[in-house]
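To find a chain, count down the sequence lines: A is the first, B the second, and so on, and within it residues start at 1.
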Number of protein chains: 2
Amino acid sequence: MIAESSQLETRLKGLVRVPEDDLARALLFFTPVFFKKTEYLLSQDQVSNQLYFINSGLVKSYLLQDGKEHIRQFAAENDFIVDLQSFLSRQKTSFFIQALEDTAALAISFDNLNMLFESSFHFMKLGKTLADQSAISLIRRSVSLVKDDAKKRYADFMKERPGLVQRVPQFMIASYLGITPESLSRIRKEMVHG
Amino acid sequence: MIAESSQLETRLKGLVRVPEDDLARALLFFTPVFFKKTEYLLSQDQVSNQLYFINSGLVKSYLLQDGKEHIRQFAAENDFIVDLQSFLSRQKTSFFIQALEDTAALAISFDNLNMLFESSFHFMKLGKTLADQSAISLIRRSVSLVKDDAKKRYADFMKERPGLVQRVPQFMIASYLGITPESLSRIRKEMVHG
DNA sequence: CCCTCAAATTGACCTATGGTAAGAAATGCG
DNA sequence: CGCATTTCTTACCATAGGTCAATTTGAGGG
């Protein structure tokens, strides 16, 4: 086992029970990769071919529309990130994934990941568990977008990702929340006072 | 095999390749259930314990907030529906699932579904595939909620679920789109004219 | 066939958020 | 340290969508 994979190992063990030797074999397929701040892990019109597990650092996934960035997800330590649509369908992505900090990650290719899933019941179950959890958090997000106003979404974001508020520039949090930086600035002013 | 399960069989075969005898065995665990219009498949504060496959009819999943309905999903023929969060976590749901038409469905309990998943690699893969697809469509929805205005979301809804526009009252489509019935009415007026 | 009730429309008005622009503050780099 | 660039704030006005109330439309039951 390589040193970089211990966080990943812990994370996977937290998801489902996997026999030690299976787990060790899986970890061999993850390759350490490093991205400097502003580097891209994925760019529009590529086919997403790597799933990343973030060991340290921070990345954002976003798409462009009329030159405007719409952030879909932040991924930090112990998060996975990929464009699932492109990764699974082998079609071109419409997303970018970009490092917001110098980032150390472990990458696994589509073919290798698939091979792992197909090679063992435990891995397939692990894949299902990851997909289940993604779906649940995506339901939360889409419900919140129709149910809550921007102030509530910001308050929730601070509660759910407390570390990120200091690490992500405000205009990107605004983008993630679906509002303008100006609106977020006003919301923050309101919260400090009455 | 029971008659009601042929649609489900077709649907499952479309997702992943499953040996015929495994598939036949699985179908035995699905029980036909019927709901009259307005009946509830699931109510707030229950633990979601059944996953439904809709053979015919139409249901909505929604939650209440200050007496207002926020519709999260419509499920019609050949759709699955469940509150994934509650179903997987065994915690109380905050959703309702209610029939909008007389509905014939196939239900499988959490325990039986889990047993099927655990019993065979093919079923686990099928479960993963379903979860993957849910996640992808949820990503689409949440992206659209931050990226598109109400007019675009309505146009997309008509394109993606063309049958539903005639079967679902307008005020429910509005709720699904995250706007008021009045706004949807104005949007429709605009679309007819300029 | 009418009556009733729910749904849809419309109009007037209101509020949250967006757009633009400018300046202030913070950050990063030579 | 100090300049340059990015980010944040503020102010002003514009707009999408919300609220409320009044009609109108439409569907189902008696």
Side-chain angles (χ1 to χ4, degrees), chain A residues 36-39 57-58 60 62 64-71 74 98-103 142-158 164-194, chain B residues 36-39 58 60 62 64-71 74 98-102 142-158 164-194:
Chain A
K36 288 233 160 263
K37 185 174 173 168
T38 75
E39 281 188 327
L58 177 62
K60 67 176 172 186
Y62 67 96
L64 288 180
Q65 158 120 330
D66 311 323
K68 263 167 237 158
E69 220 178 272
H70 295 278
I71 295 180
F74 297 109
Q98 186 184 22
L100 297 181
E101 302 174 355
D102 292 354
T103 293
S142 55
V143 164
S144 141
L145 284 168
V146 301
K147 181 170 79 76
D148 301 327
D149 64 13
K151 191 177 306 185
K152 178 69 164 38
R153 295 204 299 279
Y154 179 61
D156 288 349
F157 178 80
M158 288 198 300
L164 288 193
V165 184
Q166 358 294 343
R167 292 164 71 185
V168 178
Q170 236 170 262
F171 75 95
M172 290 188 193
I173 295 177
S175 170
Y176 176 76
L177 297 175
I179 59 177
T180 59
E182 292 89 340
S183 288
L184 181 53
S185 179
R186 286 186 279 261
I187 285 168
R188 283 162 49 84
K189 184 159 72 161
E190 273 187 73
M191 293 177 88
V192 177
H193 311 302
Chain B
K36 288 232 158 266
K37 185 173 174 169
T38 77
E39 281 189 326
L58 177 61
K60 67 177 172 184
Y62 67 96
L64 287 180
Q65 158 120 330
D66 311 323
K68 264 168 234 156
E69 219 178 272
H70 295 279
I71 296 180
F74 297 108
Q98 187 184 20
L100 297 181
E101 302 174 354
D102 292 353
S142 55
V143 164
S144 142
L145 283 167
V146 301
K147 180 171 79 73
D148 301 326
D149 64 14
K151 193 177 305 186
K152 178 71 164 35
R153 295 203 300 280
Y154 179 61
D156 288 350
F157 178 80
M158 288 197 300
L164 288 193
V165 185
Q166 356 296 341
R167 292 165 69 184
V168 178
Q170 235 171 264
F171 74 95
M172 291 188 193
I173 296 178
S175 170
Y176 176 77
L177 296 176
I179 59 178
T180 58
E182 292 93 333
S183 288
L184 180 53
S185 177
R186 285 176 192 117
I187 286 169
R188 283 162 49 85
K189 183 157 74 161
E190 273 187 73
M191 294 176 87
V192 177
H193 312 299

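With rounding to whole Å, B:Q170 atom CD is found 15 Å from D:dT25 atom P. Taking atom CZ on B:R167 and atom P on C:dA7, their separation rounds to 18 Å, with Å as the unit. Rounded to a whole Å, the CZ atom of A:F171 is 16 Å from the P atom of D:dT5. Atom NZ of A:K147 is separated from atom P of D:dG18 by 16 Å (rounded to the nearest Å). Nucleotide C:dG18 holds its P atom 15 Å from the CG atom of A:D66, rounded to whole Å. Look at NZ on A:K36: it is 15 Å from C1' on C:dC29, rounded to the nearest Å. Across the protein-nucleic acid pair, B:D149 atom CG and C:dG19 atom P stand 11 Å apart, rounded to whole Å. Residue A:Q166 contributes atom CD, which lies 12 Å from atom P of C:dT27 at whole-angstrom precision.
Between A:K36 and A:D102 there is a salt bridge, since a side-chain N of the basic residue sits under 4.0 Å from a carboxylate O of the acidic one.
Side-chain atoms of B:S185 lie closest to C:dT9 of the nucleotides D:dT19, C:dT9, D:dT9.
Comparing A:A150 and B:L184 along DNA chain C, the residue whose closest nucleotide (by nearest heavy atom) sits nearer the 5' end is B:L184.
Taking CD1 of B:I187 as the start and NZ of B:K189 as the end, the distance is 12.5 Å to the nearest 0.5 Å. Rounding to the nearest 0.5 Å gives a distance of 9.5 Å between CD1 of A:I179 and OH of A:Y154.
Put simply, A:K37 has no side-chain N or O that comes within less than 4.0 Å of OP1 or OP2 on C:dT27. Under 4.0 angstrom from either OP1 or OP2 of D:dT10 there lies no side-chain N or O belonging to A:R186. Put simply, A:S183 has a side-chain N or O that comes within less than 4.0 Å of OP1 or OP2 on C:dG18. For A:K189, a side-chain nitrogen or oxygen approaches OP1 or OP2 of D:dT10 to under 4.0 Å. For B:T180, a side-chain nitrogen or oxygen approaches OP1 or OP2 of D:dG18 to under 4.0 Å.
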Would B:Y176 and A:V146 count as a side chain to side chain contact (heavy atoms under 4.5 Å, CB included) if you check the C-alpha gap in whole Å, the side-chain angles of each, and the deciding distance to 0.1 Å?
-> CA-CA 8 Å; B:Y176 176 77; A:V146 301; over 6 Å; no

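Note on A:K151: nothing from the nucleic acid sits closer than 4.0 angstrom, heavy atoms only.
Between the side chain of B:E182 and the base of D:dC20, at least one donor-acceptor pair of N or O atoms lies under 3.5 Å.
B:S185 approaches B:Q170 most closely through the heavy-atom pair CA-NE2, 4.1 Å.
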